[in-house]
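Here is the structure we will look at.
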Number of protein chains: 2
Amino acid sequence: MPQQHDPAAPARLAVSTVIFALSPDEGAERPSLRLPLVRRLREPGLGRWALPGGWLPVDEALEGAAARTLAETTGLTPKYLEQLYTFGAVDRSPDERVVSVVYWALVHSDEVERAVSDENVQWFDEDELPELAFDHRAIIDYALGRLRTKLEYSRIAHAFLGETFTLAELRAVHEVVLRKRLDPANFRRTMEASGTLVDTGERLSGTRHRPPALYRFDTASAMAPAPDPIHL
Amino acid sequence: MPQQHDPAAPARLAVSTVIFALSPDEGAERPSLRLPLVRRLREPGLGRWALPGGWLPVDEALEGAAARTLAETTGLTPKYLEQLYTFGAVDRSPDERVVSVVYWALVHSDEVERAVSDENVQWFDEDELPELAFDHRAIIDYALGRLRTKLEYSRIAHAFLGETFTLAELRAVHEVVLRKRLDPANFRRTMEASGTLVDTGERLSGTRHRPPALYRFDTASAMAPAPDPIHL
DNA sequence: CCAAAAGTGTTACCATTACACCCATGA
DNA sequence: TCATGGGTGTAATGGTAACACTTTTGG
């Protein structure tokens with residue numbers, strides 16, 4: 001008898017994570033936004049792709065559970081991890097009431113190559129997602145929206161990059177995430193005005209044109225506004 | 001043995017709501033931001049004030065549970081209800097692991113007088129909060145931050161007001177929530193430019209000065225951007 | 001007529017945009 | 001020397017802020 005819940009049984013609590021990374025740009029291609037999914041090995045939704053996650057252990061913090069399942073499935077450590085939303089519609093999973101606290105994470109491109117990828121864990125392009133289990137497709141879409149919104153008023157783009165980076169690399173992150181071209185001149189000025197960039201004095205050579213300056217993320221100014229959720 | 005969790009017992013799921021309203025401005029005083037709290041009638045935290053809420057029934061939607069407990073404790077129907085954050089630190093409640101999905105709600109001033117208020121349910125001024133149970137003080141502070149942020153890029157101020165309102169009333173909402181004075185001339189233009197106001201053609205008489213125009217919230221334009229979380 | 005708030009006009013300022021142009025390097 | 005992005009200059013635009021001013025009511 002599906003959609004029927006045992007009134008004595010409480011809702012079960014799960015934690016899942018939407019993980020974003022940029023594909024390392026092999027060749028001259030534009031990098032794309034990618035995310036890892038795991039294949040479900042049991043019912044319900046057996047064989048379908050789903051977000052990494054699991055049941056919440058009684059003695060583990062929510063964010064801790066998100067970070068752990070992320071590490072277990074992908075082998076990665078996120079540079080950014082934040083709670084996204086809690087999904088709890090009564091019928092989102094058959095047979096059983098499941099409430100999922102969903103996090104979203106950013107990992108930087110260099111790490112993606114090191115990431116686990118086998119027949120049960122695969123990275124998918126943002127616009128080549130397979131059919132997903134439960135309501136996970138809606139969750140991903142919601143996370144994408146949040147990523148795009150937050151990129152414009154926050155510094156999260158840095159989480160996709162390494163220690164130092166050029167302005168073109170930073171701009172590429174914005175362009176891929178926002179899905180639109182940005183004026184290099186204006187982008188530069190906007191970033192410089194934000195006060196979050198530090199010129200390392202070094203330059204990146206090996207390009208076939210003028211060597212671009214390498215910047216670092218200003219960790220001091222990063223702490224200033226603290227617009228993020230508290231993590232209890 | 002406090003702070004010790006039974007590994008066999010799962011975390012329990014609660015839903016709570018931070019409810020905001022503006023005090024009806026009796027006399028010439030400036031209205032203030034108020035919220036109802038309930039007195040805890042059992043341990044833990046017996047006697048302390050806490051957010052309205054309760055355990056999540058297995059067959060009730062998260063938002064439904066928030067709306068229900070809100071109605072049960074205050075007798076009010078919210079004009080606005082949105083998920084705030086899920087709090088789940090391991091030690092936020094003694095003896096037992098509790099994860100709380102917290103919502104926040106706005107109700108309009110006219111209704112506050114109708115609201116329940118007895119020895120176990122009381123409205124408190126934003127800056128005269130009593131000592132609270134659990135981490136509820138931190139939750140309220142977080143909700144206040146969200147309210148202030150969202151007021152500036154959204155239309156939620158209308159949720160505090162009745163069907164029609166003057167620009168001065170709308171401005172008063174902003175001033176109380178944001179805790180700062182706003183230029184009446186510029187506020188008017190900003191609101192008119194937003195395209196969310198409809199002049200009803202009527203005017204409010206009975207004041208000791210020029211009668212102000214009455215406006216209505218444009219419900220059509222309200223639906224346009226849909227920046228809100230999906231409610232699964 | 002006066003007080004008080006409604007409502008209008010004007011100017012300055014600041015961030016964003018579009019786009020022209022020069023610079024430095026590898027090939 | 002040329003192609004290619006790096007990097008600078010500049011003028012137009014549009015929204016916000018400050019504040020002077022006019023209007024309309026009740027008392």
Side-chain angles (χ1 to χ4, degrees), chain A residues 25 27-31 148-149 151-155 157 161 164-216 221 225, chain B residues 25 27-31 148-149 151-155 157 161 164-216 221 225:
Chain A
D25 52 342
E29 322 155 22
R30 199 138 271 294
R148 297 202 163 100
T149 310
L151 188 74
E152 298 193 288
Y153 69 87
S154 182
R155 326 173 196 293
L161 299 167
T164 62
F165 49 86
T166 67
L167 269 169
E169 287 168 343
L170 182 58
R171 180 163 48 85
V173 172
H174 283 253
E175 289 184 333
V176 167
V177 171
L178 300 179
R179 293 175 156 282
K180 66 178 178 191
R181 300 220 151 257
L182 299 171
D183 184 302
N186 296 331
F187 182 81
R188 160 180 302 275
R189 273 183 294 252
T190 306
M191 284 299 138
E192 282 170 346
S194 75
T196 61
L197 295 183
V198 182
D199 191 333
T200 64
E202 323 233 329
R203 285 170 185 283
L204 180 67
S205 59
T207 59
R208 82 182 65 175
H209 51 77
R210 174 172 172 175
L214 281 169
Y215 293 87
R216 186 190 311 282
S221 74
Chain B
D25 50 342
E29 322 155 24
R30 199 139 271 292
R148 295 198 166 104
T149 310
L151 188 74
E152 298 192 284
Y153 68 89
S154 180
R155 325 174 196 291
L161 299 167
T164 62
F165 48 86
T166 67
L167 270 169
E169 286 168 342
L170 182 59
R171 180 164 48 87
V173 172
H174 283 252
E175 290 184 335
V176 168
V177 171
L178 300 179
R179 290 175 158 284
K180 67 178 177 191
R181 298 221 152 257
L182 299 171
D183 184 304
N186 295 332
F187 182 80
R188 161 181 300 275
R189 273 183 293 250
T190 306
M191 285 299 138
E192 281 170 347
S194 76
T196 61
L197 295 183
V198 182
D199 191 333
T200 63
E202 324 233 327
R203 285 170 184 281
L204 179 67
S205 58
T207 59
R208 78 184 67 175
H209 53 78
R210 177 173 172 175
L214 281 169
Y215 292 86
R216 187 188 312 280
S221 73

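Protein chains get the first letters and strands the later ones, always in sequence-line order, with residue 1 at the start of each.
Across all their heavy atoms, Glu152(A) and Arg148(A) have their closest contact at CG-O, 3.6 Å.
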B/S/- contact track for nucleotides 10-17 of chain C, protein heavy atom under 4.0 Å: B------B
Contacts table for residues 166-188 of chain B: side-chain donor-acceptor under 3.5 angstrom, sequence neighbours left out:
unit_1	atom_1	unit_2	atom_2	d
Thr166(B)	OG1	Ala168(B)	N	3.4
Thr166(B)	OG1	Glu169(B)	N	3.1
Glu169(B)	OE1	Thr166(B)	N	2.9
Arg171(B)	NH1	Glu175(B)	OE2	3.4
Glu175(B)	OE1	Arg30(B)	NH1	3.4
Glu175(B)	OE2	Leu182(B)	N	2.9
Arg179(B)	NE	Glu126(B)	OE2	3.1
Arg179(B)	NH2	Glu126(B)	OE1	3.4
Arg179(B)	NH2	Glu126(B)	OE2	3.4
Arg179(B)	NH2	Asp127(B)	OD2	2.6
Asp183(B)	OD1	Ala185(B)	N	2.8
Asp183(B)	OD1	Asn186(B)	N	3.1
Asn186(B)	OD1	Arg189(B)	NH2	3.0

Contacts under 3.5 angstrom, residues 205-214 of chain B side chains, donor-acceptor by atom type, not counting sequence neighbours:
unit_1	atom_1	unit_2	atom_2	d
Thr207(B)	OG1	His209(B)	O	3.0

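Here the CZ atom belonging to Phe165(B) is positioned 13.0 Å from the CG atom belonging to Leu204(B), to the nearest 0.5 angstrom. Rounded to the nearest 0.5 angstrom, Tyr215(A) OH and Leu161(A) CG are separated by 14.0 Å.
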All N/O contacts under 3.5 Å from nucleotides 1-6 of chain C to the protein, with atom names and distances to one decimal?
unit_1	atom_1	unit_2	atom_2	d
dA6(C)	N3	Arg210(B)	NH1	3.4

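Following rounding to the nearest Å, Leu204(B) (CG) and dG7(C) (C1') show an atom-to-atom distance of 15 Å.
Once you apply a 4.0 Å limit to the heavy atoms of chain A, the touched nucleotides of DNA chain D run 5' to 3' over dT4(D) to dT10(D).
Applying the salt bridge (Lys or Arg N to Asp or Glu O under 4.0 Å) test to every pair with at least one member in residues 193-207 of chain B, sequence neighbours left out, gives no pairs at all.
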